[in-house]
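What follows is a short report on a single structure.
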Amino acid sequence: MSLGPHLLLALLEGTVGALTLALTALGLSLVFGVMRIVNVAHGEFFMLGAVVTWYVSTTTGSYLLALLAAPLIAGAGAVLADRLVLRRIGYDPESTIVATIGLLYILQQAVLTTYGPYARPVAPPIYFRVGFPWFGYSGYKLVVAGVAALLLATTWLALGRTRLGLYMRATQQDREIAQAFAVPVNRVYTVAFGVGSALAAVAGALVVPIQQAHYLMGLDALLLSFVVVILGGLGSLRGTLVAALLVGLSDGVVSVLFSPTLAKIVATLMVALVLAIRGRGLFGEAAA
Amino acid sequence: MSDSRPTSSAPKISRRTLLRASGALALGASATGPWVRRAAAQAPPLRLGFQVHRTGIGAAYGRWYDRTTAAAVKLINEKGGIGGRPVEIIAEDDGTDPKRGAEVVEKFASQHKVDFIFGTLFSHVVIASAPRAGELKIPYLVVSEGYHVASGSLNRYVFQPGITDVRAQITAVGGWILKNLGKKVTLIFPDYAFGHDHRDFFSKVAAAQGGTVRALIPIPPTETSFTKYFPRVPADTEVLYHVMVGPGVLTFAREMGEHFGSKRPQIFGFIDSVEAVDIASPGLEFLEGTYFWEAFPRYATPNMPAHVRLYRDRVGINDSGASVTDPKDVSTASHMFGCWETLFVIKQAVEQSGYKKPGSDYKAFIETLEGLQSFPEGIEHPQGPKRFGGRIHQVFGQQVISKVEKRQLQVVHRTAIEDSMYEPEADYTKQPL
Amino acid sequence: MTKGSRTGVLALHVAALALLAGAQFLLPAFHHGMLARIMVLAAYAVGYNVLLGYTGLMSLGHAMFFAAGMYGTGLTIHHLGFGVGAGFVTGAVSGLAAAALVGLITLRTTGPAFLIVTLMLAQAFYLATLYFNTLTGGDQGFILTGLRVDLAGLRLPLTQPAVKYNVALAVFAACLLASLWITRSPVGRVLAAVRENEERTRLLGYDTARYRLLAILVSGLLSGVAGSAYTLLFSYVGSTFAGILYSIYPLLWTLLGGAGTVLGPLVGTLLMTYIVDIASDFTTGYLFVVGAALVVMILWAPAGIVGGIRARWVAWLP
C-alpha cells in the first residue's frame with residue numbers, strides 16, 4: 001500500500017484513538033481541574049466500565065443496557081470512595097495519591113477474583129465494514145468516534161451552560177472564593193469525582209468491543225489520560241481534546257515513517273519537549 | 001459468563017487445605033489396618049514450592065497452572081506419593097514480576113524450606129529468579145517455554161524437564177511451514193524477547209531450508225490497535241507468521257480480518273496468542289482456515305489414547321478444552337501440561353536418586369536428572385514421548401500443527417522429536433554444584 | 001528552623017542504622033535476605049524523597065535514574081568485563097548523568113508539567129532499553145555472575161548473605177546520611193524554602209533554578225547508586241526496572257512512610273514489602289488487603305507514618 005492510503009489509515013486510526021482518549025481523559029480533566037488531585041485509580045474506573053459492559057452484555061444480551069450500567073456503577077463506586085476516604089483526608093494531593101493507589105489495588109483484586117485474569121471480547125452492537133478502495137475499516141470504530149465526540153460536546157455544553165457546570169468552573173478557579181459565594185464546594189467535589197469516574201467508565205464501555213476487557217487494562221488508560229490532561233493544560237477541556245488529537249494522530253502518523261518502537265520513543269520525547277518549553281500546556285492558564 | 005468461579009477446580013489451594021488433605025489421607029491409611037503398606041502415614045511430606053503467576057499479566061496462565069498442578073498432585077498422592085511420601089504444594093504468587101519472583105524463591109528456600117521449587121512461565125521472572133535458586137542451591141524446575149535454560153545462561157540448579165522451548169518449537173514447525181504453506185514468509189511479532197526469539201530462530205530455519213523472510217513487522221509492547229501494521233505486509237507474501245500475545249490479541253485477529261478480507265495469504269500462528277481464549281469467540285471468525293502451533297491439542301481428538309483422556313478428566317477440561325464447570329473458561333492447554341509432566345519428572349528423579357532431604361541430597365538428584373534420556377508417553381507424560389537433553393537441562397518433544405476448521409482446532413500434523421532438535425550450545429554438567 | 005539538636009537527630013539516625021546492622025545477627029534467613037533487598041530499595045526511596053519531600057518536586061520518572069544505575073553497572077560488567085568497583089562507579093555516574101539531562105530539560109518546569117515530563121523521559125528510556133535489546137537483553141534481561149568484592153585480602157562474593165546484607169546496609173547508610181546532611185544544611189534550607197514558596201524564595205535573591213537542579217542531581221545520583229547496588233547484589237538487569245511501576249513504587253513508599261521525613265522512605269518500603277508478603281500468606285486475594293491497608297494507614301496518618309509520628313508525638317523528627 002502506498003504512502004497516501006497508509007497515511008489515510010493512520011489518520012483514521014489516530015482520530016478514533018484520539019476521541020476515545022479524549023473521553024477517557026475528560027473525566028480525569030474534571031477531577032484534576034476541579035479538585036486538584038490525582039486519581040491514580042482513574043484507569044481502574046475505565047477498566048470497570050469495560051468489565052461491567054462484558055457482564056451486562058453477556059447476561060442480558062443488551063449492549064445499550066451495559067452502556068447505561070457501566071457509568072452508574074463506576075460513579076456509585078467513586079462517590080463511595082469520595083465520601084469514605086477522600087473527604088476524610090481533606091483532598092490533600094499527596095495523601096490522595098496513596099489512597100487512590102489503595103483503591104486501585106482493591107478494584108483490581110475485586111475484578112481479578114470475580115471476572116478473572118482473562119481477556120474477554122464483547123461483540124460490538126453495530127458492525128459493518130467500510131470498504132475503502134485500499135483497505136477495509138471497522139464501521140464500529142467510526143461509530144465510537146462519533147459517540148465520543150457527542151459526549152465531549154455534551155459535557156462541554158453542560159459545563160458552560162448549567163449551574164453545576166458553573167459551580168465546577170468556579171471551584172476550579174478558586175475554591176475559597178467559590179465557597180465565599182455559597183458554592184457547595186464539597187458536594188461539587190463529590191459530583192466531579194463521580195462524573196469523572198463515570199465518564200472513564202463510559203469510555204471503557206465504548207472501547208471494549210474494539211479491545212478486550214482485561215483486569216490490567218487501566219494502567220495505560222491512566223497514563224495516557226494523565227499526559228493528555230496536562231499537555232492540554234489544566235482546567236481546559238479544549239486543551240484536553242487538542243492534546244488527545246495530537247497524541248493520537250502523531251503516534252499513528254509517526255509510526256508510518258519509523259519503526260514502531262522508535263516511533264513511540266520519538267512521540268514520547270515530543271510530548272516531553274512541548275511541556276518542558278510550555279509548562280502550562282497548550283491551553284492552560286499562565287501560572288498564578 | 002456466570003460469575004461463580006468453578007469451585008471444584010478452584011485455584012485457591014492454601015497449603016492448609018493440602019496439608020489437611022494429605023493428613024486425612026495418612027490418617028485414613030493408617031486406620032485401615034496393618035495390611036495397608038502405605039508409608040504415607042509415617043513418611044514426612046515432600047514439599048514443593050510452586051512459584052505461580054496469580055496476579056499480573058501472566059495470571060490467566062497461572063490459573064491453569066494451579067489447576068493442573070492440583071490435579072497432578074492428587075493423582076500422585078492417590079498412588080502413594082513420591083517415594084512413599086505425600087506431596088504438599090506451597091504456592092506463592094510472583095505477580096509476574098522479576099523482583100517478587102526472586103523474593104519468592106528466597107521465601108521457599110529460607111522460610112518454607114521446601115524440597116524443590118517449580119512453576120513459573122514468563123521468561124523475565126525465570127531469569128531474575130534463577131540466580132537466587134543457584135545461590136541458595138535449590139533445584140528450580142521451570143515451566144517456561146523460554147530458550148534461556150537451554151542456552152546455558154542460567155545455572156546448574158535450573159531445569160526445564162516438562163515443556164519444550166521456543167527454539168525447538170520453531171525449528172520443528174518452520175520446516176513444515178516452508179514445505180507446505182509457502183516459502184515467502186512475513187513475520188509479525190511483539191517487539192520484545194518472545195517476539196525476537198521467533199524472529200531470530202525462524203530466520204535461521206528459513207535460511208537453512210530455502211525460505212525467505214519477506215518482511216519483519218515488530219509491534220511495540222503496549223500497542224492496542226494493529227490496523228496500521230497490516231498494510232506493511234508485502235503483497236507477494238505467501239505465509240503470514242504471527243505470534244502476538246497479550247490481551248490485545250483478539251483485536252489483532254479481528255483487525256487482521258478487517259484488513260485482508262477474503263484475499264489473504266496463508267496464515268500461521270502460535271496458540272500462545274489465543275491460550276485461554278475461545279477460538280469460536282466473536283471477532284475471531286477470520287482465523288478460520290488458518291494454522292496454529294500447539295504443544296498439546298486443545299480439542300479432544302477422535303483416537304485419543306486412554307492416558308490423554310484420563311489427564312483431561314483429571315485436570316477438568318471438556319472435549320473443547322474448556323473447564324467442565326464453566327465452558328467459557330478456556331484452558332491454556334499447550335502450556336499447563338508442563339506442570340503435570342514436571343511433577344512426574346520430579347517424582348522419577350527423587351525415587352531414582354534416593355533423595356531424602358534438602359542439602360547434600362541435591363547432588364544425587366541433579367546428577368540423576370541429568371542422566372535421564374527419555375520419558376515414554378503415558379499418564380506421566382500425556383503430551384507425548386520426550387527426549388531429555390541432560391547437558392542443557394531441556395526436554396524435547398513432538399510439536400503439533402492444527403488448523404482452524406468449523407471454528408475448532410483440528411490436528412493436521414505431528415512433528416517427530418528429531419525435527420525439533422538443534423545443536424546444543426551449553427553444558428551445565430561441567431559446572432560445579 | 002533546625003528542629004531538634006544536631007546530636008539528637010544524628011544519634012537517632014545512627015541508632016536506626018545500628019539497629020539494622022544488629023538485626024542481621026538475629027533475623028532468620030528469609031528476613032535477612034528480604035531486609036537486604038528492602039534496604040537497597042529504601043535507598044532508592046531516600047533518593048526520591050530528596051526531590052519530593054525536601055524540594056517539593058514530584059517526579060514520575062525516577063525509574064530512569066534507578067535503571068540508569070542498573071544498566072550502567074550491568075552493561076559494563078557484562079559486556080566490557082568491568083570489575084565490581086568500576087561497575088559501581090559507572091552506575092552511579094550514569095544515574096548522575098541521567099539526572100543532569102532531566103534537570104537541564106526541566107529547568108523551568110514545575111508541578112504537573114514536571115510530573116509528565118519526567119514520566120515521558122522515563123518512558124522513552126524504557127522503550128530505548130527494549131529497542132536496543134541486543135545490548136540490554138530487553139524485557140528478558142540478563143544475569144551477572146561471579147560478582148565479588150576484594151576487601152583486605154579477602155574475596156567476598158556478593159551473593160553470600162552476610163556480604164550482601166552489609167553492602168546493602170552500607171549503601172543505605174550512605175544514602176540516608178547524605179540525605180540527612182543535605183536537608184539540615186544551608187542548601188537544604190533553601191530547598192525547603194523552594195518547596196514552600198518558590199516565587200518568594202526567588203524574590204529573596206536565590207537562583208531557585210540552580211537549587212532545583214542540584215536537588216535533581218542529588219536525587220538522581222542516590223537513585224542511580226541504589227539501582228547499581230540492586231543489580232550487583234541481585235545479579236539481574238532487565239527493562240522491568242525501567243518501567244512506570246518502578247517510578248510509582250518510590251512515590252508510594254515515600255508518601256506512605258512520610259515525605260519530608262528522613263526515615264519515612266525506609267518505613268514505607270519496609271511496610272509495603274511486608275504487607276504484600278504477609279497478606280499473600282493468608283489469601284490469594286491479597287491485593288485487596290494491601291489496598292485496604294493503604295487506605296487505612298493514610299486515613300490515620302495523611303502525612304505518612306513517620307509524618308504522623310512527628311505530628312503526634314515527636315516534633316523534632318527531621
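The chains referred to below are lettered A, B, ... by the order of the sequence lines, with proteins before strands, and numbering in each begins at 1. Because the structure is a prediction, the values reported are computed rather than measured.
Side-chain N/O atoms of C:N133 and B:Y192 include no donor and acceptor closer than 3.5 Å.
Only the side chain of C:T240 comes within contact range of chain B, with at least one heavy atom under 4.5 Å from a heavy atom of that chain. Heavy-atom distances place the side chain of C:H31, and not its backbone, under 4.5 Å from chain B. In this structure, the portion of C:Y236 lying under 4.5 Å from any heavy atom of chain B is its side chain and not its backbone. With a 4.5 Å cut-off on non-hydrogen atoms, B:D97 touches chain C through its side chain but not through its backbone. For C:L287, the part lying under 4.5 angstrom from a heavy atom of chain B is the side chain only.
Within the 4.5 Å cutoff, side-chain heavy atoms of B:K99 are placed close to those of C:L41. The side-chain heavy atoms of B:V126 and C:Q140, taken from C-beta on, include no pair separated by under 4.5 Å. Side-chain contact check for B:E92 versus C:S280: some heavy-atom pair is nearer than 4.5 Å.
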Working for side-chain contact (heavy atoms from CB on, under 4.5 Å), residues B:R100 and C:D277
CA-CA 9 Å; B:R100 185 74 188 136; C:D277 194 57; 3.0 Å; yes

side-chain contact (heavy atoms from CB on, under 4.5 Å) assessment of C:L130 paired with B:D191
CA-CA 8 Å; C:L130 293 178; B:D191 204 1; over 6 Å; no

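Of the listed residues (B:A109, B:P131, B:G146, B:G95), the one with the most heavy-atom contacts under 4.5 Å to chain C is B:P131. For the set B:R132, B:Q111, B:H148, the count of heavy-atom pairs under 4.5 angstrom toward chain C peaks at B:Q111. Each of C:Y131, C:Y246, C:F234, C:F241 has some count of heavy-atom pairs under 4.5 Å with chain B, and the biggest count is that of C:Y246. For the set B:H124, B:H196, B:K107, the entry with the most heavy-atom pairs within less than 4.5 Å of chain C is B:K107. Per-residue counts of heavy-atom pairs under 4.5 Å with chain C were compared for B:S153, B:S129, B:A130, B:A102; the largest is that of B:A102.
More than 12 heavy atoms of other shown residues, nucleotides or ligands fall within 6.0 angstrom of atom OH in B:Y428.
A distance of 11.0 Å separates OG1 of C:T145 from CD of B:E135, quoted to the nearest 0.5 Å. The OG1 atom of B:T55 lies 3.5 Å from the OH atom of C:Y286; values are rounded to the nearest 0.5 Å.
Minimum interatomic distance between C:M34 and B:E106 (heavy atoms only, all atoms of both residues): N-OE1, 3.8 Å.
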